[in-house]
Structure formats: structure tokens, C-alpha cells
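Notes to accompany the following structure.
Remember, it's 1-based here, ligands and their atoms both numbered in the order they're listed.
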Amino acid sequence: PSRRREGDYRADFPGLGDSWHYLDTAATAQKPQVVLDAIARAYGPDYATVHRGVYERSANMTLAYEASRRRVAGLLNAASENEIVLTSGATDSINLVAESWGNANLGAGDRIMLSQLEHHSNIVPWQLLAERVGAQIDVAPLTADGQIDLDWIEENITEQHKLVALAHVSNVLGSLLDAKRAATIAHDVGAKLLLDGCQAAPRVPVDVQDLGCDFYVFSGHKIYGPTGIGALWAPYETLDAMPPWKGGGSMIDRVSFDGTTFAPPPGKFEAGTPHIAGAVGLDAAIQYVEAIGLDTISAHENATLAQAREALSGINSVRVFGPDQSMGILSFAVGDVHPHDVATILDEGGVAIRAGHHCAQPLMDYLGVPATARASFGIYSDERDVAALVDGIERVRKIFG
Ligand code: PMP
């Protein structure tokens, strides 16, 4: 990465400029120039399809596509790149697990353990599955500081539970899950653990083998890569035992009207022409992140977030949600001003935050609010963004008395 000064990553991001304060990275991250360049090359001088062409350009594009899969495997410390399915994002990955693994492994009377803070994409696919097969969903409560209550899960999980599906980092509260403990609790009753890594992958070093989880999903656009690409990790034996989900070209071994046989994983789960340029862009994004280092990124974000937390705690009438040690995300309320009004006034000062339910309506119900204001930070966020956020909140307080 090219930088104007050590630790100043802003210059790498053409989407930012000097006077705009982007604090909505948890929704989607801005893209560094290296990612834009990689996508432009993939659609320009390097463009061709993958996995089919015998001509050199296509063979090279296949190498680039498969290099992206290897890069994702490296990011998650998967045992093999054949354990990585490239999907259109976390939502697609979770639906893949629910439809393929879920349909094959859950039946009437089985149970699924979720938590109160899950994103809708880690709730609705399981509700659809539960309705299809007659399973039940249990919802783990949160601790007073907004962590998933693992003690409660430990006490309430049973051998009927076939799956525990939890956010590794919450997109509203920034709570970091003790994923190793969650894996132990799940495995003690023979359940599998799916981790929703959307907010963790961009800011926490992830080692799926060390965590001991069974499925890990994330989206490319939250880790500084393009939209429309993401990944599912599962051990090879798990993927191998899972039936195909979407049918089409590429995912087959041999097709005839007497019956079709399927490609081995991960190809079995990648029907159709894939998002080639997306995969190339994701590879560039992961290289960018790894060149800086996830430890450096989380230290930088934590320092910026600590400044914001400290400043907000000094403002009368501001309520902050979630644990003190939140990861990159700060949800708050300004008195009883509606979060949409907070966000609108902040926007007038060039500060972009998110206001709403953050696709986590059950969590809003739990917090007893219709919505929250959320500032979320990335590698490019710094003290100027925090100062602009604080100025904006002071303006909100003035306008609303
Ligand atoms: N889970 C979490 C924790 C998220 O933050 C998001 C995105 N807001 C998702 C799942 C869904 O990701 P996508 O929309 O990229 O599929």
C-alpha cells in the first residue's frame, strides 16, 4: 500500500477524499486503489472466462480465479483451498449451508441455536429451513454488556441441537464472540458451529482450525473488496458429504438424461459462470489487508474507537450500546432524538453514519429501541473522523435543545 505518512491509509482510498467522514464501514468498506486497478484489469486486458477455455487468456484467468480461492484459504488458515467455496457473499454462503447441509441433516424435532444479536441473514435462512423440516429455533440472550450469553447456551443446549449459528463479531454492538468456547459447547452435544464472520474477517485474525468451528462465512465487500463475492469455509469432508444446492454448468462431472454426477468440492457448489472479476478484486483486497496486517488494523481501529467512546461518554445525554471492548463498531443514541434525525444532521456536516435497525430487528426489540445510530470504523478512519462525529453530535444536541 502507498501511504502519505505511516499509519495514514486514507490516501489509498479514492472514495474518501479529504472532507468526507465515512463512518459506515460495517455496512460496506471503501475500496483501495489496488482493488479498483485489479478489477479494471480483470474486466479489461485480462478478461476471459474461467475453467473452460484452452486458450492462454482463459487459462491465465482460471489461475487468477483459483489464486483468489487460495488467498481466502490463507486468510482463514483453511487446511486446503478445496475447502473454500466462492459465493456471492455471506448471505449466499449461509443460504447454501441451510439448503444443502440443513436439508440433509435436520428433521422434525431438531433444534437450531441462534442469538438475539444476529443479522437477519443469520436468522431468516434458518427460519426457512426450520419451516421446511419441522425444526425449532432457540434464541440465546445477551449479557448485560451485549455479549452473546455463552453460559446460557451451555445450560440450555441439548442433543436435539444440530447447529449453533452465531456472529463472530456483532454488526450492531461490535461484541467479539469467544468462538473457541462456542465450538466446545456446540461439539459437546454433537452440534455444528457456524460463525458469521462478516464483521470479524476485516478486523480479527481468523484461524478456522484453531477456532474449531464447522462453517465460516464472510463477504468480500466488508474486507475492502468488491460486492457480489464472498466465501464459505467448511472442512473438505463436510463439503464432500453435502448435496449440491444450485444446479448448472461447472458444478458437474458428467451430465446425461439418465442422470448427472457432480464435480468434487468446491466446484460442486459453484454453478454457472462465477464472479470472475469479483474474485480477482477480493484477492487484491486480501493482499492489501495482509500487507498492513490484521493485528495492525484492529489496533488502529480500536485506538480510533476508544477516542470516539471516550469523547461520547463525556457528552451529556449520549447513550452508548454494547461492550467497552467493541470491535470497530459503536452504536449510540442522542437523548431521545430519532437516529434518522441524528444521521441527517451529521450528514449535513459531511459525516456518514448508519441509522436504523441494521438488519437486526430482534436486537432492537431486545434493546428496547426502534433503531440506533451507528458509527463504524475502518483502516482509514482517524481522529479527524472522530472530531467531526463529536461536532455533529453537539449540533444535534443544540438543534434538539
Ligand atoms: N452478517 C453480518 C454480521 C453483517 O454485518 C452482514 C452485512 N451487514 C451480513 C451478515 C450480510 O452480509 P451480505 O449482505 O454481504 O451478504
Side-chain angles (χ1 to χ4, degrees), residues 22-31 35 72 76 85-99 114-128 139-140 142 146-148 163-177 179 182 193-204 206 213 215-233 245 269 275 278-279 281-282 285-286 301 321-323 326-331 352-364 366 371-378:
Y22 184 67
L23 292 174
D24 199 17
T25 295
T28 196
Q30 296 289 326
K31 318 304 171 201
V35 168
V72 173
L76 303 180
V85 182
L86 293 176
T87 65
S88 72
T91 301
D92 194 37
S93 301
I94 295 173
N95 278 280
L96 193 171
V97 176
E99 299 249 350
L114 306 177
S115 91
Q116 192 73 43
L117 59 64
E118 299 310 313
H119 189 280
H120 295 167
S121 70
N122 197 29
I123 298 175
V124 182
W126 307 122
Q127 289 177 325
L128 296 174
V139 184
L142 308 182
Q147 308 274 2
I148 297 170
L163 179 76
V164 179
L166 302 173
H168 195 182
V169 168
S170 157
N171 67 310
V172 180
L173 302 175
S175 336
L176 173 64
L177 178 73
L193 175 67
L194 178 142
L195 292 176
D196 171 358
C198 272
Q199 300 298 340
R203 47 181 63 87
V204 179
V206 173
C213 58
F215 300 102
Y216 200 93
V217 307
F218 75 92
S219 286
H221 69 101
K222 306 211 189 227
I223 187 166
Y224 310 100
T227 53
I229 188 91
L232 162 68
W233 168 83
W245 172 34
F269 299 107
H275 188 6
L282 176 60
I286 296 173
E301 286 183 6
F321 302 95
S326 68
M327 304 297 298
I329 290 165
L330 190 58
S331 266
I353 63 158
R354 173 97 175 258
H357 54 63
H358 317 290
C359 298
Q361 285 174 342
L363 176 55
M364 299 297 113
Y366 190 81
T372 73
R374 180 187 71 184
S376 56
F377 300 82

As an exercise, identify every atom of ligand 1 less than 4.0 angstrom from a heavy atom of S121.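 Checking each atom against S121, I get 1 (N), 9 (C), 10 (C), 11 (C).
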Atoms of ligand 1, numbered as shown, that sit under 4.0 Å from any heavy atom of S219: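 Taking each heavy atom of S219 in turn, ligand 1 has 12 (O), 13 (P), 15 (O), 16 (O) under 4.0 Å.
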Consider only side-chain N and O atoms of S93 and T87, and report whether a donor and an acceptor are under 3.5 Å apart.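 Result is yes, a qualifying pair exists.
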H358 and H119: ring-ring contact (aromatic ring centres under 6.0 Å, His included), yes or no, with the steps? CA-CA 8 Å; H358 317 290; H119 189 280; 9.9 Å; no
Aromatic contact, H168 with F218 (centres under 6.0 Å):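 No; F218 has its ring centre 6.0 Å or more from that of H168.
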Closest protein heavy atom (residue, atom, distance) for [atom]:
atom: atom 14 (O) of ligand 1; answer: T91 OG1, 3.7 Å
atom: atom 1 (N) of ligand 1; answer: D196 OD2, 2.5 Å
atom: atom 9 (C) of ligand 1; answer: C198 SG, 3.5 Å

Any K222 heavy atom less than 4.0 Å from ligand 1: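 Judged by the 4.0 Å heavy-atom criterion, K222 does count as contacting ligand 1.
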Determine whether any heavy atom of H221 lies closer than 4.0 Å to an atom of ligand 1.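 True for this residue.
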Please test H120 against Q361 for side-chain contact (heavy atoms from CB on, under 4.5 Å), starting from the C-alpha separation and ending with a verdict. CA-CA 8 Å; H120 295 167; Q361 285 174 342; 3.6 Å; yes
Output yes when the distance from some N or O of ligand 1 to some N or O of Q199 is under 3.5 Å, and no in every other case.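 Q199 vs ligand 1: N/O contact under 3.5 Å present.
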Heavy-atom pair with the smallest gap, counting every atom of C213 and L195: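 Where C213 meets L195 most closely, the heavy atoms are CB-CD1, 3.7 Å.
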Test L173 against every option in I329, L142, I148 by the side-chain contact (heavy atoms from CB on, under 4.5 Å) rule and name the one that passes.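 That would be L142; it is the only one of I329, L142, I148 passing the side-chain contact (heavy atoms from CB on, under 4.5 Å) with L173.
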